[in-house]
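Down below is the structure, laid out as structure tokens.
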Amino acid sequence: MTDTHPSDTDPRDRGGPRQPILSVRDLKKYFPLRGPLGTINAHVQAVDGVSFDVMKGETLGVVGESGCGKSTTARLLMRLIEPDAGSVVLDGDPIGHGGITLRELRRNMQMVFQDSYASLNPRHTATEEISFGLRVHGIPAAKAREQALSSLRLVGLDPTLFADRYPHEMSGGQRQRVNVARGIALNPRLLILDESVSALDKSVQAQVLNLLAELKQRLNLTYIFISHDLNVVHHVSDRVLVMYLGKVVELGPVDRIYRAAAHPYTRALFASRLSMNPALRVEAVPLSGDPPNPVRPPSGCRFRTRCAMAEAICAAAEPMLSSVADAHQAACHAVIPGSGHSQAEALAHAA
Amino acid sequence: MHLYILRRLLYTVPIIIGVTIVCFSFIHLAPGDPISAVLPENASTELMEEIKAAYGLDKPLPIQYLKWLMHVAGGDFGTSIMTRRSVVSEVLPAVGKTALLAITAITISFALGITLGLLAGFSDRRVTDRSITAFAVVGISVPHYWLGMVLVVIFAVQFQALPATGMGPAGTHVWDFGWKDLSHLVLPALTLAMIPTGVLARSVRAMVAEVRRQEFVQTLKGKGLRRPRIFLHIVKNAAPPILAIMGLQFAQLLGGSILVETVFAWPGTGFLLNAAIATRDLPLLQGTVIVLATFFVLTNLAVDILQTAIDPRVRRT
Amino acid sequence: MSATVETSPVAAAPRATPKRRRTGGFWRRVARHVMRDKLALLCTVILALIALSAIFAPWIAPADPYKTSMMRRLLPPLSPGYILGTDELGRDMLSRLLYGGRVSLAMGISPVILATLIGGALGVTAGYFGRHVNMAIMRVVDVFYAFPSVLLAVAMAGVLGAGLFNSLISLTLVFIPPIARVAEAVTTQVRNQDYVEAARATGASAPRIIVQHVLANVTGPIMTYASSLVSIAIIISSGLSFLGLGAAPPIADWGLMLNTLRQAIYVAPINAVLPGVMIFAASVSFNLLSDSLRTAMDVRA
């Protein structure tokens, strides 16, 4: 699904193909940590100043170790949890404050969760589950059911067989198809796939991925594809965003990121993937040093405690996400010209 | 763990305050105006003024409550309308008598309930298991005041082996553990023991069955450990929850003995409550309820802390 | 997950047509399981008999339950014309026991129903909204939970004054806290499930999510728990009448009958004890039935 489709025929499009469908700026979420006496002792900086754009029709892959804030970001975008700070703009419209309502945001943006079983109500049939969202948005029951059935057909489930099935009467792959059907039922423009295929068997995974690719074309969708599986991300993404401890450390076209990663963390992450042994292709990053505590992250660059290239400047100043090449950004002093890092180029016209 | 205990202790304070608020509201919930609710019908004007001042009944409710709470905190629960004596001097001896009954009952049910539960849990014979389980269900579902009457019919009326009512000489002198005193204790204590025995037997049986199924016991068996040793392991795992259940049951007995005390005319808190209700002696009712509820809260607290102390798995931070 | 054989995408599925086994609704499955349990079936029959005989008491009772007779006081059971004898005022015991089921069963069941509605609403609200709402509701609930149940019932009924209505209020108050606690616990659990998140993601309002997603998943556990309280409610409500705090004479009520017949325990011990047999039968049956219900609920998983 690497070919981005210009959305010039989509009547829902407002800002044109050049305007990002989603613009995220400085998103923050700190979770309070309560002590045994119920007092707030500290905060986990789950998402700390994340900014990125999602272009129309693309698939943006999001990778990083577990606990880096990928899923929290997804939930913040959906407003399932309230952000502490930051703004989200959907195709030129800010959320709230004179922009679009939360309801409209959610009609345009849907999410598919990882656990296919937990994300389906055990007491609802597939049709009931899918039509719930449609009913919420004011579609009458009979019509909602009809649309739910056509959504089922879209995800490759025969309504005559699956319409009235309960989650426990379906396989994992079938359930995840129902979840996708629920996601697309509202005819959204953006679908967040939070580890949506990670829990599936490899063969089933491939089928669901093919389905997603096909739906993307057919329904003119944009995907945010969150996964810890770097191979899958490579396969489906147009651009890749790398997160580390609540921050974006690198963002760029998939081929650049996979071939010429600029950030030492990204390189370390991909080093683990190169193993031919599938059992080793896990989230664990072969890095030295302890993973830092997200409650008290290191000063300056958060990666410096595990980074082989760390220097004094890395502890002193936080590297900003800076352009390293066309459409490729990284937050590392070593690649930011004039940062003071020994490997960084000196500024060409330093005063 | 210490922090957990501290937190648990702190948490108890608002609960006890809440309990006093509920008890305080009694005089306002009772039909009629609060003054006549706490006064005898033929009260003198001085007594009326005295009570009015003590309760501050002319002041707004929160002030009234705080005033009353100050008295209660100082151990002054007011004066009983029925006996004209201080409520404390009525309640404390009654609590002692109820405690005697409750402690005897919980001891009986501890011995009986655990024995039966272990027997049922370890027995490989269906009949033993079934009959003990049935007994436990009966113990839980029997109206204990009725069971008391049945026991009276059998042992006092039919066989005339035990006294039917009262506390015997102990009501008038110091308890001396002679047969005369003990004989009065037998029926009410047995009656009161029925529910906790049923609860315990059932829980112990379930727990033994559960632990026996668990992997580590299978491992021990596999290692060729003898039955007594396995038994010891099971006991070690089952002890904390059993202890908790016992504590809760004991706490319930303290407050739940009213009905049984009525059947046997046992002069404890239940008897006192009954008398207070019959004569609409609200200060006495308030005082008794506060003391019993506080005991209940503190027992639960003790159980919680003890359980945290002995069970590593419950070590909440 | 068992199925590794997946249907190919889009090109629908009928190739390995799975057998469409109709498992039926959840409650039907539970009912089937309970009915398969012989003991539970027996309890259902006993309860049905008690309830039916209470409802149809005017047609089946051999005598007027309120007609006193000074001549025929405390006749032993199996006396001619009085199968179960007479009470201390010469009223027919059997008729009074049949009629007594009306008040006693109603007073056992209705406080639990009321408490389930109120406590359930409180607990679900606390569990769903969490945080401060939870704090506010559950701390108050905890205060009432801090009283031994019998003590709270007796004290409340004692304060409010004797009478069926006041005893209904007291009993309801006793059962609200435990039910609210259970409701809060299961709701908190359900609330954190992904399917509730997914429902929120559609933009649905909280009441809508509670009604369509949460309730369907919490009513089972709440009702199972509530059913286990009916047995206790019958015992305590009859206990209140036994203390003279519930039904007032001359109403036929098992607890009140125990109370008034207690004076006659030396003269007519069997008569004195009879009403308790009814309380016991009802209480045991409810207890066993609720046990069976609980296992049935566990089985589905």
Side-chain angles (χ1 to χ4, degrees), chain A residues 75 78-80 101-107 109-124 128-129 132-137 153-158 160-162 165-175 177 179 182-183 186 199-201 203-204 207-208 210-211 214, chain C residues 1-27 29-30 130-132 135 139 189-221 297 300-301:
Chain A
R75 270 150 220 262
M78 285 304 296
R79 287 293 176 100
L80 290 172
T101 61
L102 218 54
R103 249 172 99 87
E104 288 175 70
L105 169 81
R106 284 166 173 167
R107 210 187 46 230
M109 201 157 103
Q110 280 291 305
M111 181 163 168
V112 179
F113 296 82
Q114 169 170 17
D115 187 335
S116 70
Y117 194 73
S119 49
L120 290 176
N121 189 329
R123 298 289 162 76
H124 284 187
E128 284 167 351
E129 188 68 52
F132 175 80
L134 297 164
R135 303 274 295 122
V136 167
H137 287 273
R153 233 170 270 128
L154 268 176
V155 298
L157 294 177
D158 182 357
T160 55
L161 287 171
F162 292 94
R165 282 208 189 180
Y166 289 95
H168 67 270
E169 298 172 322
M170 290 183 273
S171 74
Q174 289 162 348
R175 279 196 296 264
R177 282 166 193 262
N179 276 313
R182 177 180 58 194
L186 283 168
L200 302 174
D201 290 338
S203 61
V204 182
Q207 290 168 8
V208 174
N210 287 339
L211 168 71
E214 190 184 306
Chain C
M1 289 308 99
S2 53
T4 40
V5 183
E6 280 289 318
T7 57
S8 66
V10 183
R15 129 189 107 82
T17 315
K19 277 268 160 46
R20 192 77 188 87
R21 57 181 205 295
R22 262 268 54 116
T23 43
F26 172 69
W27 291 104
R29 266 179 290 153
V30 169
R131 293 169 181 247
H132 303 296
M135 276 283 276
R139 285 307 84 85
Q189 220 178 354
V190 166
R191 196 228 177 287
N192 293 325
Q193 297 284 325
D194 284 348
Y195 61 81
V196 174
E197 291 259 273
R200 293 209 300 134
T202 63
S205 63
R208 187 165 205 146
I209 297 176
I210 290 178
V211 169
Q212 296 199 12
H213 283 274
V214 177
L215 284 189
N217 288 287
V218 299
T219 36
M297 294 269 195
R300 60 119 209 163

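Values reported hereafter were calculated over all heavy atoms of this structure, with side chains retained and with hydrogens, waters and symmetry mates removed. Residue numbers start from 1 in every chain, and the chains themselves are labelled A, B, ... in the order their sequence lines are given, proteins ahead of strands.
Between chain C and the options A:Val136, A:Asn179, A:Leu200, A:Thr101, the largest number of non-hydrogen pairs under 4.5 Å is found for A:Val136. In terms of non-hydrogen atom pairs under 4.5 Å with chain C, the most contact-rich of A:Glu128, A:Met78, A:Arg75, A:Arg103 is A:Arg75.
One finds the CZ atom of A:Arg123 at 8.0 Å from the OH atom of C:Tyr195 (value rounded to the nearest 0.5 Å). To the nearest 0.5 Å, atom CG of residue A:Leu80 and atom CG of residue C:Asp194 are 10.0 Å apart.
For C:Gln193 against A:Ala118, the heavy-atom pair with the smallest separation is OE1-CB, 4.0 Å. What you find for A:Gln110 and C:Ala201 is that their closest heavy atoms are NE2-O, 3.0 Å. Heavy atoms only, all atoms of each residue included: A:Ser119 and C:Ala198 are closest at O-CB, 4.4 Å. For the residue pair C:Thr202 and A:Phe132, the shortest heavy atom distance occurs at OG1-CE2, 3.8 Å.
Residue contact with chain C, scored on non-hydrogen atoms closer than 4.5 Å, involves the backbone of A:Leu120 exclusively.
Legend: salt bridge (Lys or Arg N to Asp or Glu O under 4.0 Å) pairs involving residues 199-217 of chain C, not counting sequence neighbours, sorted by first then second residue: C:Glu197-C:Arg200.
Residues forming a ring pair (Phe, Tyr, Trp, His ring centres under 6.0 Å) with A:Phe113 (at least two apart in sequence, or on another chain): none.
With hydrogens and angles disregarded, a donor-acceptor distance shorter than 3.5 Å links the side chain of A:His124 to the backbone of C:Gln212.
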